[in-house]
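Working notes, structure below.
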Amino acid sequence: MLDNLNRVKSLNDHPVKDGMVVYWMGRDQRARDNWALLYAQGVAIERKQPLVVFFGMPAEFVDSGWRQYDFAIKSLQETENYLAQKNIPMVVVPGWPGQVAAEFVIKQKAGLVVVDFNPMHYVLAEQNKLAQQIDIAMHLVDAHNIVPTWVSSPKLEFAAYTFRPKIHKLLPQYLTDFPELKNHKFNIELNLPKNNWKQIIKTITADRLVDPVDWIVPGEKAAQAQLKKFVTEAYSNYSELRNDPNAEVQSNLSPYLHFGQIAPQRVALVVSQLPPSTQQEDFLEELIVRRELSDNFCYYNPNYDKFEGFPDWAKKTLNEHRSDAREYVYSYQQFEQGKTHDELWNAAQLQMVYQGKMHGYMRMYWAKKILEWTPDPETALNYAIKLNDKYELDGRDPNGYVGCAWSIGGVHDRAWFEREIFGKIRFMNYNGAKRKFDVQKYIDAVASLSGQTLF
Ligand code: FAD
């Protein structure tokens, strides 16, 4: 079952009844190392009940393009096959997840619904709505964070330095290994619909122009292979070169982590077993502290994607510089097509458009320039989030909302020297980038990418 019951929260006061346990899979799209699935199976075994994984496939989701659907679907098919080996059916139904999940749970006369945790408020609202619609227990499990978000801190944290000691204190208790998923003996004579993937895919209306990418293979197995590759080939240079977009030393795990195709806890377990080093410290700081801080921000701040969600000092300084003259102002389309005067910015934008993943260092530069070249911070945040969500494989993620809010609105950052437009928000410029890495090499590399049919 679970190593720690603090990973679980009840979403209503109803009892667990006789009937199948349904794990309504959302954010954590994997069969291995999944606390929500392990918990669901534990209860099902204890009560000698069937266990079914349910997934609702929306026709469109936030600003996702077809690229993100393709990445998720191929992985879900792999997960479905792996679950079948454990005698656990996975039912995928097209439609709005909250609605089709409610229909399924009621029709099957389930005894318990288990859901995984996602701090996005629209997801929490859907889950709470279902919890109120049914007369059986519904349990929420944080299968994405090593320390559950509601345990690591009971409030909105100001910055990494306030959050870090809290999470480090709890890690020995929560950074434990996962048990194996068992073959489920109680799934007999279940009369469930078979997934018709062709039909499911036909219902998806996401933008097909945002086409799949071929440099990264989706799925749980590919995610494990990528982790291995990172640790053996890139990890030793992580601290030294991670801010150089020409060096391939980032882990490239964010698409897998976003879709839950690999557990952050598995990644942390593998890396923390390596000998102590600066790269271990730096990588675990990003993977654990920064990533879990993003969930903290979105969970406790309903304005995570708005100007109102910025800290007071940042709102004040941005308001004071609202009417500063902007030397360049671009439309959404000009940004989207990478048609600014700045070749480096255009390259970053096009790397995201063509590859579905912009280098981490360039993401900061990219968002800060959007602040500099739009009429106001609200427009800047809106454009940055929209582009990030549409093209990044790892978009629509707490890390994305926080990354944009950090760059444009000083979230989790501190005040810097005051200047035009930015006020006291940290500034970045072309010359700074030039001092850090070979800018021309990066621009040339992006220019050589193929498949440029979008615009
Ligand atoms: P690595 O350097 O190998 O890091 C490993 C993991 O640590 C990442 O996968 C991620 O889970 C976590 N991590 C790394 N950097 C950060 C960070 N700054 N904040 C929080 N967690 C971090 N990340 C996303 O996952 N999705 C997004 O949509 C996203 N959008 C961003 C937008 C902007 C404007 C900015 C400034 C940052 C954004 N980030 C986003 C954070 C970060 O840039 C990416 O997580 C990272 O570049 C992903 O590549 P990687 O997995 O190879 O990173």
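Whatever order the structure lists ligands and atoms in, that order sets their numbers, starting from 1. Quick note: numbers below take in every heavy atom, side chains included, and nothing from hydrogens, waters or symmetry partners.
Annotation for ligand 1: atoms under 4.0 Å from non-hydrogen atoms of G360 are 43 (O), 47 (O). Residue R290 approaches ligand 1 through these ligand atoms, each under 4.0 Å from one of its heavy atoms: 19 (N), 20 (C), 21 (N). The atoms of ligand 1 that sit less than 4.0 Å from any heavy atom of L257 are 9 (O), 11 (O). Within ligand 1, counting atoms from 1 as listed, the ones closer than 4.0 Å to a heavy atom of G400 are 26 (N), 27 (C), 28 (O), 29 (C), 30 (N), 31 (C). Short contacts between ligand 1 and L287, defined as distances under 4.0 Å to a heavy atom of the residue, involve ligand atoms 7 (O). Close approach of ligand 1 to G395 is summarised as follows: ligand atoms under 4.0 Å from at least one heavy atom of the residue are 28 (O).
With respect to W35, the side-chain contact (heavy atoms from CB on, under 4.5 Å) criterion is satisfied by exactly one of D3, N4, D116: D3. With respect to R242, the side-chain hydrogen bond (donor to acceptor under 3.5 Å, both in side chains) criterion is satisfied by exactly one of Q279, E286, Q250: E286.
Taking CG from L287 and CG from D282, the interatomic distance works out to 12.5 Å, rounded to the nearest 0.5 Å.
Ring geometry for W66 versus Y69: interplanar angle under 30°, hence parallel rather than tilted (30 to 60°). Ring orientation note: the planes of F61 and Y122 are nearly perpendicular, at an angle over 60° on the 30°/60° scale. Taking the six-membered ring where tryptophan is involved, the planes of F335 and W373 are essentially parallel, since the angle between them stays under 30° and well short of 60°. Taking the six-membered ring where the residue is Trp, F259 and F71 present tilted rings, their angle falling between 30° and 60°.
Where the criterion is an N or O separation shorter than 3.5 Å, residue side chain and backbone included, N399 meets it with respect to ligand 1. Among the atoms of S254, some N or O lies under 3.5 angstrom from an N or O of ligand 1.
Residue contact check for ligand 1: M364 places a non-hydrogen atom closer than 4.0 Å to it. In this structure, Y401 does not count as a contact residue of ligand 1, since none of its heavy atoms falls inside 4.0 Å of the ligand.
A salt bridge does not link R164 with E157: every distance from a Lys NZ or Arg NE/NH1/NH2 to an Asp or Glu carboxylate oxygen is 4.0 Å or more. By the 4.0 Å N-to-carboxylate-O rule, E180 lies close enough to K86 to be salt-bridged with it. Taking a cutoff of 4.0 Å between a charged side-chain nitrogen and a carboxylate oxygen, E78 and K74 do not qualify as a salt bridge. Salt-bridge annotation for D295 and R291: absent, with no side-chain N of the basic residue lying under 4.0 Å from a carboxylate O of the acidic one. Ion pairing between a basic and an acidic side chain is recognised when a charged N comes within 4.0 Å of a carboxylate O; E372 and K369 show such pairing.
Under 4.0 Å from ligand 1, the heavy atoms of N388 that appear belong solely to its side chain. Proximity of K357 to ligand 1, defined as any heavy-atom pair under 4.0 Å, is confined to the side chain (atoms from C-beta onward). Counting heavy atoms closer than 4.0 Å to ligand 1, residue Y238 contributes side-chain atoms (C-beta onward) but none from N, CA, C or O. Of all the heavy atoms of S407, the ones lying under 4.0 Å from any atom of ligand 1 belong exclusively to the side chain. Residue contacts with ligand 1, taken as heavy atom pairs separated by less than 4.0 Å, involve A367 solely via side-chain atoms from C-beta onward. Contact annotation for E392 and ligand 1: no heavy atom of the residue comes within less than 4.0 Å of the ligand. Both the backbone and the side chain of D394 come within 4.0 Å of ligand 1, counting heavy atoms alone. In F230, neither the side chain nor the backbone holds a heavy atom less than 4.0 Å from any atom of ligand 1.
Atom 11 (O) of ligand 1 has as its closest protein heavy atom R291 CD, 3.3 Å. Protein heavy atom in closest approach to atom 5 (C) of ligand 1: F283 CE1, 3.5 Å. With hydrogens left out, the protein atom closest to atom 22 (C) of ligand 1 is E286 O, 3.8 Å, a heavy atom. Scanning the protein for heavy atoms near atom 52 (O) of ligand 1, the closest one is N252 N, 2.7 Å.
Within the set H412, K368, R242, R363, the minimum heavy-atom distance to atom 34 (C) of ligand 1 is found for R363. Of the candidates Q226, Q250, E285, it is Q250 that places a heavy atom closest to atom 47 (O) of ligand 1.
Under the 3.5 Å distance criterion, the side-chain polar atoms of R7 are left unmatched by any main-chain donor or acceptor of V141.
A donor-acceptor pair shorter than 3.5 Å can be found between the side chains of N6 and Y174. Side-chain N/O atoms of Q127 and W24 include no donor and acceptor closer than 3.5 Å.
Protein heavy atoms are absent from the 4.0 Å sphere centred on atom 42 (C) of ligand 1.
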